[in-house]
There are 2 protein chains.
Amino acid sequence: MKERNNTNKITIYDIANALNLSASTVSRALQNNPLINEETREKVQLMAAEMGYVPNWIASSLRKKRSNIIGLIVPRTSMYFQSQAISGIQHAAHKYGFSIVIGQSDETVAMEKELVHTFYSLRVDGLLAVSSMFTTNFDHFNPFIKNNIPLVFYDRVPEDFSGYTITGDDFKGGFTATEHLIQQGCKRIAHFSGQLTCNLYQQRLAGYKSALEKYNIPFNDQLVYTHNLTLDAALQASKEILSGDQVPDGLFSANDMSAVGFIQEARRRNIAVPEQIKVVGYSNDLSSRIISPSLTTVEQSGYKMGEKAIETLVQLINKDEKTRITKNYVFEVELIQRDSTRK
Amino acid sequence: MKERNNTNKITIYDIANALNLSASTVSRALQNNPLINEETREKVQLMAAEMGYVPNWIASSLRKKRSNIIGLIVPRTSMYFQSQAISGIQHAAHKYGFSIVIGQSDETVAMEKELVHTFYSLRVDGLLAVSSMFTTNFDHFNPFIKNNIPLVFYDRVPEDFSGYTITGDDFKGGFTATEHLIQQGCKRIAHFSGQLTCNLYQQRLAGYKSALEKYNIPFNDQLVYTHNLTLDAALQASKEILSGDQVPDGLFSANDMSAVGFIQEARRRNIAVPEQIKVVGYSNDLSSRIISPSLTTVEQSGYKMGEKAIETLVQLINKDEKTRITKNYVFEVELIQRDSTRK
DNA sequence: CCTGTTAAAGTTAAGGATAAATTCACTAAT
DNA sequence: ATTAGTGAATTTATCCTTAACTTTAACAGG
């Protein structure tokens, strides 16, 4: 038996031969080009279906100089917020006829660089990116910027970037979270922050500071714990905080996972949340509904942000002149009150 | 100012012209083909770097009939197990020089069909798939099977499929989980199952039945609750169970999320876990460590399964004759004992 | 001195689809 | 009857890279 290889796929030439037509007529007919006689078009489409023709997207991309592929760079697909964003992106992308190629930077700059290069070589029509926590220099995105290939950052975005960005209102989120803790009676509020090179955490910290200032609570940088916001890092920091002599009465954590870590460590030490310490997280992860006490957090819809990001990108790709594209779109945030800050 | 379009990218012809060489020499030099003089090769590579040349992957794919892209179909990227698997797949794929295009079926057969078609048109070199819960007929994968394009299923796989599969030992998992409950003293054990059209849930149920049988506990199909295993569906089913007159003393849930839902509903009704009812989940999701009491569960590494799946696929793509490829690889499972089944 | 060999190129032809330019048949208008 | 115009198709060139085939020059051996 002869082994079939991948080469004997049906092409438009096969259809053309079968119908005694030219390849370009077939091509046009399949695209419902009005230059083609209705009868011919139907004949072609019928034959294509019969022969099991599937267009070769690679050949089409090469010729059209358009791949209908969008590159997506995320630090990790397993982060709840990111996986929600990916869902939003996928759904919207499919609606617009684009496929998504995903790359994970694993929070490293080196990998991020490599991915940008790969996507450039792939000739993606546009790039969607969430930068790694450690990216401060964005020069490796230059191939896209210099060649005018649409590029949209969301969630974590470069500072002073002249391009398109989609973010949550992190300052407001930090402010609201901290203000809520104060209103619930907290006087000594600790803060878990991520890398301050990252706009997100900078803004959340700034919001935290601003709320303290409003209520005349002096800022104390001893209360700010900067780490990578994983469960383990949070447990570590929590031990430090809870074994100190001046234990705080509130914590605003820049993500939910490390707030969860804090609550678990507090429970281990029989320190009552919310009675002795009140806690606010960030993102409204699934875990915030699972931990007990349930976690007060700042809602930020990954799904919607992903959707908005790709919508913006697609408008840029299609050079949509009619609709005005917002350059720096900011999503509203909302405080979700749960048990971890009950009075 | 003239607008730059995406077309004026550097090609091998530009390099060839600049050096007064032919395009094929440049092509060869860039691929370190031994037919090219070392001096020439260095000259070409230097010039390529200088001119900012990036190979056009689309043209190369068309010519080589190989895209180095692998398609991935998952029900949802946001499921913890799936996102872990994606991480494993991504890392390994990168190592082997492949890019991953991800599509979500959203647990619908229609979307799954469409994705298969898209990936076929994309001329992916291979396809990795986790079927939707509702897929019973796998004919839509035929384009791949008939054209001998490597196809590997993992986690959820078709029954009686003659191709390559990677699964966890779901029967053993179901058996071990149920046996553990029995050994902890449970006599009346309920089971949350997913769609029984899906091998996973069938096997876990079979394991559950087998354990009951071993300990001479009669199987009672009133105790099996089939739903889609989301938090909401679990809450609904839990209400039913817990408000009935014959409340069980144990629950084996086919995933962690619905076990979490059950524990939450039990807490709401002041039914103590594990004292009154013991609970075992499946997958060792993050949530199993967050819920209190912490959830006993069956470990199944998504990361490793993803890695194994893509390794198998890559071997198939490369027609690796030397290494024997296992057709139906089964991962060991392990019971992780936590507080939800304490005696 | 000529043939044979080899290294190091160059030329040409896919790969499959499509846009642009061209041809052809036929109708309408002068 | 001749020209212009139109609808419907065909031909050709192109996208960029690479594999297959050819050429060229240099040199060794009889």
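Naming convention: chains lettered A, B, ... in sequence-line order (proteins, then strands); numbering from 1 in each chain.
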**OP:** Let me know the distance between CG of B:Leu30 and C1' of C:dA9, rounded to the nearest Å.
**Re:** 15 Å

**OP:** Round to a whole Å and report the spacing from CD1 of B:Ile15 to C1' of C:dG10.
**Re:** 17 Å

Subject >> Donor-acceptor contact present, side-chain B:Asp125 to main-chain B:Ser67, <3.5 Å >> reply: yes

Subject >> Side chains of A:Tyr120 and A:Asn147, donor plus acceptor under 3.5 Å >> reply: yes

Original post:
Hey, does the side chain of A:Lys65 come within less than 4.0 Å of C:dT18's phosphate (OP1/OP2), counting only N and O?
Top reply: no

Original post:
Rounding to a whole Å, what distance do you find between B:Asn68:CG and D:dT17:P?
Top reply: 16 Å

Original post:
With side chains defined as the heavy atoms from C-beta onward, is the minimum distance between B:Arg76 and B:Gln82 less than 4.5 Å?
Top reply: no

Subject >> Pairing residues for B:Arg63 by the salt bridge (Lys or Arg N to Asp or Glu O under 4.0 Å) criterion, not counting sequence neighbours >> reply: none

Subject >> A:Lys113 NZ: over 12 foreign heavy atoms closer than 6.0 Å >> reply: no

Original post:
What is the per-nucleotide protein-contact pattern of nucleotides 5-10 of chain D, from the 5' end, where B denotes a base atom under 4.0 Å from a protein heavy atom, S denotes such proximity for sugar-phosphate atoms only, and - denotes neither?
Top reply: ---SSB

Subject >> Nucleic acid contacts - residues 41-61 of chain B versus DNA chain D, non-hydrogen atoms under 4.0 Å >> reply: B:Tyr53, B:Pro55, B:Asn56, B:Ala59, B:Ser60

Subject >> A:Ser121 (side chain) donor-acceptor with B:Val54 (main chain) under 3.5 angstrom >> reply: no

Original post:
Would the A:Phe161 and A:Phe153 ring centres measure less than 6.0 Å apart?
Top reply: yes

Original post:
To the nearest Å, how far apart are B:Leu122 CG and C:dG16 C1'?
Top reply: 15 Å

**OP:** Could you check how far CD of B:Glu39 sits from P of C:dA7, rounded to whole Å?
**Re:** 17 Å

Original post:
Does B:Lys304 NZ have over 12 foreign heavy atoms under 6.0 Å away?
Top reply: no

**OP:** Quickly work out the A:Asn33 CG to C:dT18 C1' distance and round it to whole Å.
**Re:** 10 Å

**OP:** For the residue pair B:Asn32 and B:Gln45, confirm or rule out a side-chain donor-acceptor distance under 3.5 Å.
**Re:** yes

Subject >> Integer-rounded Å distance: D:dT17 P and B:Arg63 CZ >> reply: 13 Å

**OP:** Quickly work out the B:Gln31 CD to D:dT18 C1' distance and round it to whole Å.
**Re:** 7 Å

